[in-house]
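Notes follow once the structure below has been shown.
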Amino acid sequence: MPVSQLATLRVRVPLMDCDACAILIQNKLRQTGIQNAIVTFRTKAAVVRYNPAEVTARNIMNLIDETGFKAEPTTP
């Protein structure tokens, strides 16, 4: 898929409390439709590039929530 057709979701993960948490969330985001996910403990945030034809922002938020950390969107 051309990069221009990918969507970007930025979320805060305020309860993330270590680098291992970031790795756990990042590994969870290795799903169909997700091109790239960068989760950073220092900023308590994630940036996810995804194919909106295969996965929705809500699906991505749910994946993060399944790790036990509540995702809060920072972009529409």
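This is a predicted model, so every value here is computed, not measured.
- Note on V47: it does not cluster hydrophobically with L15, by side-chain heavy-atom contacts below 4.5 Å among ILVMFWY residues.
- Side-chain N or O atoms of Q26 include one that pairs as donor or acceptor with a backbone N or O of V39 at under 3.5 Å.
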Note to self: Under the criterion side-chain contact (heavy atoms from CB on, under 4.5 Å), I'd like the reasoning laid out for Y50 against L6: C-alpha separation, chi angles, the key distance, then a yes or no.
What the structure shows: CA-CA 5 Å; Y50 66 99; L6 294 175; 5.9 Å; no
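- D17 approaches F41 most closely through the heavy-atom pair C-CE1, 3.1 Å.
- Distance check: T32 OG1 to E54 CD gives 6.5 Å after rounding to the nearest 0.5 Å.
- Qualifying side chain to side chain donor-acceptor pair (under 3.5 Å) partners for R30, counting only residues two or more places apart in sequence or in other chains: N27.
- Under the 3.5 Å distance criterion, the side-chain polar atoms of N62 are left unmatched by any main-chain donor or acceptor of N59.
- For R42, the CZ atom is loosely surrounded, since the number of other residues' heavy atoms within 6.0 Å does not exceed 12.
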Sequence neighbours left out, cut at 3.5 Å: what donor-acceptor pairs do the side chains of residues 64-73 make with other protein atoms?
residue	atom	partner	partner atom	Å
D65	OD1	A71	N	2.9
E66	OE1	K28	NZ	3.0
T67	OG1	I64	O	2.5

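- T74 and R12 share no side-chain donor-acceptor pair at under 3.5 Å.
- With values rounded to the nearest 0.5 angstrom, I34 atom CD1 is found 5.5 Å from L63 atom CG.
- Here the closest non-hydrogen pair linking I25 and M16 is CD1-SD, 4.1 Å.
- Here the shortest heavy-atom pairing between P52 and A7 reads CD-N, 4.0 Å.
- The two residues V55 and G33 come nearest to each other via the heavy atoms CG1-O, 3.7 Å.
- Note that CE of M61 and CG of L9 are 6.5 Å apart. Values are rounded to the nearest 0.5 Å.
- Here the straight-line distance linking atom CD of Q35 with atom OG1 of T8 works out to 10.5 Å at 0.5 Å rounding.
- Checked against side chain to side chain contact (heavy atoms under 4.5 Å, CB included), A45 has the following partners two or more places apart in sequence or in another chain: T43.
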